Number of protein chains: 2
Amino acid sequence: MLSNTQFSMAVHLMCALAWNEGKLIGSQDLAHSVGTNPSFLRGLISVLREAGLVDTRQGKGGGSTLARPAGTITLLDVYRALETSQPLKVHRPDCGSDCIVARRMKNLLHDLNEKLEDTLAIELKQTTVADLVTEYIT
Amino acid sequence: MLSNTQFSMAVHLMCALAWNEGKLIGSQDLAHSVGTNPSFLRGLISVLREAGLVDTRQGKGGGSTLARPAGTITLLDVYRALETSQPLKVHRPDCGSDCIVARRMKNLLHDLNEKLEDTLAIELKQTTVADLVTEYIT
DNA sequence: TCGTCTGTCACCGTTTTGGTAACAGTTAGG
DNA sequence: CCTAACTGTTACCAAAACGGTGACAGACGA
């Protein structure tokens, strides 16, 4: 799935914005909460903005806010925004091998990846950012 | 989930052993099919052996074979054998922050991880190595 | 005893990851 | 218009992860 911590940080970020829904929050405040630095976080925010999950305003007094109501943003939306690869990292089976197992492995792993992706999607779609805020943040 | 290709290689390995069920296969032959080198693969085999999925015999004519019938080994068994961390890599939210979101994030991510883990387990339990061989390998 | 195989360790180069600085561009407010 | 404050983006770095490889002791069949 996600071999880096960006999904985790993005969830944190979205919850922070949802908790302050309506306000513009600067990357410095957000970075302090997430536990990273503003510059790195702005990169993550850019990705979420391109996915239509976050709005930002530049200039003095600028910052980030949710692009839509927190109740309409699911974890799947966040996941898809960051998705760069499939759930499984796949090795390089020797497709030209005389071993029949190797020749079929690519298809097998492709299908397995799709099945896991679907399963994850169904699970992630069931939770919205608003759900998380309601359940966990007082 | 699995940030490396070992699950992918392990599935390949188990299918190869299942396809040759009953025979002892050397790490060289297996490595050739998987597309890696024997030494690295022996490390992976060791992990699967400790998990009780594979038997090995040392010495001349030695090699690996399935420890149980392929129909009794699920992908969850393979996954658990390799499991070193949780599905999500989690960042380090500033738990001591004055931001309430940060203070609750650890619990939130922990629960999310458990939910995803359960979802994956249910999915992976439904497929056995024998299923894969039957469906994909002629 | 000899040849062949596994088990394990140590080491290496590459890639990935997250952190950081720098700076141009944008905007509110005087 | 000018300044201060903020974002957007790039480039670069150190640390960690990853997979590959060689080496060698130990096990075992012949």
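As a basis for the values below, the full set of heavy atoms in this structure was taken, side chains included, without hydrogen atoms, waters or symmetry mates. In the text below, chain A, chain B and the rest are named by the order of the sequence lines, each starting its count at 1. Just so we're clear, the structure is a prediction, and the values are computed from it rather than from any experiment.
- Between the CG atom of B:Asp29 and the P atom of C:dT4 there is a distance of 15 Å, given to the nearest Å.
- Across the protein-nucleic acid pair, A:Gln28 atom CD and D:dA5 atom P stand 11 Å apart, rounded to whole Å.
- Listed pair A:Thr5 / C:dG18 meets the phosphate criterion, a side-chain N or O lying under 4.0 Å from OP1 or OP2.
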List the protein contact pattern of nucleotides 20-30 of chain D with one symbol per nucleotide (5' to 3'): B for base contact, S for sugar-phosphate-only contact, - for none; contact means a heavy-atom distance under 4.0 Å. BBBB---BBS-

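- Between A:Ser64 and the phosphate of D:dT7, there is no side-chain N or O to OP1/OP2 separation shorter than 4.0 Å.
- For the 3.5 Å distance criterion, the side chains of B:Thr56 and B:Arg42 fail to qualify, holding no donor opposite an acceptor.
- A:Ser27 has a side-chain polar atom (N or O) that falls below the 4.0 Å cut-off from OP1 or OP2 of D:dT7.
- In this structure, A:Ser46 does not reach the D:dT7 phosphate: none of its side-chain N or O atoms is under 4.0 Å from OP1 or OP2.
- Counting non-hydrogen atoms of neighbouring residues, nucleotides and ligands closer than 6.0 angstrom, the CZ atom of B:Arg103 exceeds 12 such neighbours.
- Between B:Val11 and the options B:Val129, B:Leu75, B:Thr127, a side-chain contact (heavy atoms from CB on, under 4.5 Å) holds for only B:Leu75.
- Side-chain atoms of B:His91 and A:Thr36 form no donor-acceptor pair, as typed in the model, at a separation below 3.5 Å.
- In this structure, a donor-acceptor pair under 3.5 Å is present between the side chains of A:Thr128 and A:Asp131.
- Within a 6.0 Å sphere centred on CD of A:Glu21, heavy atoms belonging to other residues, nucleotides or ligands number more than 12.
- Between B:Arg49 and C:dG7, a side-chain N or O to OP1/OP2 separation shorter than 4.0 Å is present.
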